[in-house]
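A short worksheet on the structure shown next.
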There are 2 protein chains.
Amino acid sequence: MHLEAAATSAVKAGPTLIAFPPGLAVGPAVAQIATPMPHKKAAGEILFSEGEDAESVYEVTGGMLRLYKLLPDGRRQITGFATAGHLLGLAPEGICVYTAEALTEVTLRRYKRAAVERLIDEVPGFARRMLAATSQELRAAQDQMLLLGRKSASEKVASFLVMIAEQQARSGEDELDLPMTRSDIADYLGLTIETVSRTLSKLKQAGLIALPTAVRIEILDRDRLEDMAAGDELSC
Amino acid sequence: MHLEAAATSAVKAGPTLIAFPPGLAVGPAVAQIATPMPHKKAAGEILFSEGEDAESVYEVTGGMLRLYKLLPDGRRQITGFATAGHLLGLAPEGICVYTAEALTEVTLRRYKRAAVERLIDEVPGFARRMLAATSQELRAAQDQMLLLGRKSASEKVASFLVMIAEQQARSGEDELDLPMTRSDIADYLGLTIETVSRTLSKLKQAGLIALPTAVRIEILDRDRLEDMAAGDELSC
DNA sequence: CGAATGGTTGACGCTTCTCAAACTACGTGG
DNA sequence: CCACGTAGTTTGAGAAGCGTCAACCATTCG
């Protein structure tokens, strides 16, 4: 019942999380096997931490989380932002490989991991759908590797803006709300806060975007931004 | 028959490819449904290219390939190295998302993609195994994101050496053969050839490794190398 | 109003990149 | 067998992009 809803929601939102591609339905058997527990987390709360036992699988129904890994000295790499429709905590070895932290208030449905595993084994086609979703995440992760390893700061920020724009493609609006801070963007792109801020200022000066407020971004020249994101020189 | 062999081979080798975790067996139905075509590629040959239709799925049985994505101006990010046991070309949308190129001579088994898809649908447990393998790759991809976004050159090279060492863990040998060039290593770690070379020289000077020849590396202090790879300061 | 959090901007420095030259290994052909 | 060419590697000098440190500004909240 609930997982079906997720199955029809949008895909993309960055790498490292499981999302159900659109057009997939799970089937009526689901709710009987895996009964969801409604959940809510306030901004800043941690859903689960890297290294913990993964006892539950969470389905995001609202809000946004950041998913990240840490180095011993505190350096952080955000591997993705999870939004409605994403499934978190499906670690195959039963251990969380990243931390999930609420960025806004977040609503979730919690499933017992064992129940989801049973679904995978027993509901025909369910494993296949999970496989498709996971493959999609893997593809996104590979794009992110290209970004982190080979793109300049301008190209990274442009890529980020294009990604957010695609995600918030509701109506024809070219105004974006950023739920995350500069620090989150920096840790997602492998940059520092200052470089993100400076790069946004440069894009603003170049007339590609406008910044009414810090968390609000208007895209003025989508085409050039996409060219820049793709690495088509003219990076500035 | 053949896929079972793969199912019992080692996992790790870097992100972005599908490998069968050890201890998984596919079952005797496989060979009947998806008959493999033996294949061979010489070093330098391209198996498939980014953007192409993914018509076949390849199972690597010997040798090594590099998997990479390109930016329009030629910048390259290697997302992983594929070795025996890895499955390539399982793009869910039917389009290759990276290029696979033989690094050494490579032996492969080719399956029709449609046949593998049928396997996924019809052989109980097969989709589940593919899901486990793909999740494992996703985990590795996340590790690589942390490396690319937040590790220093020394930490990157140390991580690479530890990875290769784990992969070539045959016997107690601490001598490694590198099938790839400095250029490949650089494009895997998000560095340049020169930085890789200089970093290896520094590690040699620090007594952590020895370099009998360019393609041969002896690990002298595994512990410190692993500390460095994990980001435990003392980076040098 | 003042503190706190987050964002912007500037000056400076360091890590890594770029450009260039020299060295090594290896295979080919004279 | 050795000169030569080629591809790959190493090393150096200099440049640049991004990080670090620091000050200042904006917004929110008690």
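Per chain, numbering begins at 1; letters A, B, ... match sequence-line order. Hydrogens, waters and symmetry mates play no part in the numbers below; they use all other heavy atoms, side chains included.
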Which nucleotide in the set [options] lies at the smallest distance from any side-chain heavy atom of [X]?
X: Ser197(B); options: dT8(C), dA20(C), dT9(D); answer: dT9(D)
X: Thr195(B); options: dG12(D), dG10(C), dT16(C); answer: dT16(C)
X: Leu191(A); options: dC19(C), dC18(D), dT10(D); answer: dC18(D)
X: Ala153(A); options: dG10(C), dT16(C), dC18(D); answer: dC18(D)

Upstream residue (5' side of DNA chain C) when Ser183(A) and Lys151(B) are each assigned their closest nucleotide: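 Result of the comparison: Ser183(A).
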Toward the 5' end of DNA chain C, by each residue's nearest nucleotide, Lys204(A) or Arg150(A):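 Here Lys204(A) is the residue nearer the 5' end.
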Contact under 4.0 Å: Ser201(B) side-chain N or O vs dT11(D) OP1/OP2: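 True: Ser201(B) side-chain N/O within range (under 4.0 Å) of dT11(D) OP1/OP2.
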Residue-phosphate contact under 4.0 Å: Thr192(B) side-chain N/O, dC17(C) OP1/OP2: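 Thr192(B) to dC17(C) OP1/OP2: side-chain N or O found under 4.0 Å.
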Atom of Ala91(A), atom of Arg113(A) and distance for their closest heavy-atom approach: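 Taking Ala91(A) first and Arg113(A) second, the nearest heavy atoms are O-NH1, 2.7 Å.
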Base of dG10(C) paired with side chain of Arg198(A) (donor-acceptor, under 3.5 Å):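 Yes, the side chain and the base share a sub-3.5 Å donor-acceptor pair.
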Under 3.5 Å donor-acceptor pair, Arg182(A) side-chain atoms to dT9(C) base atoms: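 Not at all, since no donor on one side and acceptor on the other fall under 3.5 Å apart.
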Centroid separation Tyr98(A) to Tyr68(A) less than 6.0 Å: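 Not close enough - the centres of the two rings lie 6.0 Å or further apart.
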Validation row: His86(B), Glu59(B) side chains within 4.5 angstrom (heavy atoms):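 No, every pair of side-chain atoms sits at 4.5 Å or beyond.
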Heavy-atom check, side chain of Gln144(A) versus side chain of Leu148(B), under 4.5 Å: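 With C-beta onward as the side chain, the pair stays apart.
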Distance in angstrom units between Ile193(B) CD1 and dG12(D) P, rounded: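 Interatomic distance, CD1 of Ile193(B) to P of dG12(D): 18 Å.
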Integer-rounded Å distance: dG17(D) P and Lys202(A) NZ: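 Between P of dG17(D) and NZ of Lys202(A): 8 Å.
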Pick base, sugar-phosphate or nothing for [X], based on heavy-atom distances below 4.0 Å to the nucleic acid.
X: Leu200(B); value: nothing
X: Thr181(A); value: sugar-phosphate
X: Thr213(A); value: nothing

Backbone N/O of Val106(A) and side chain of Lys40(A): donor-acceptor pair under 3.5 Å: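 The answer is no, because no donor-acceptor pair under 3.5 Å joins these two groups.
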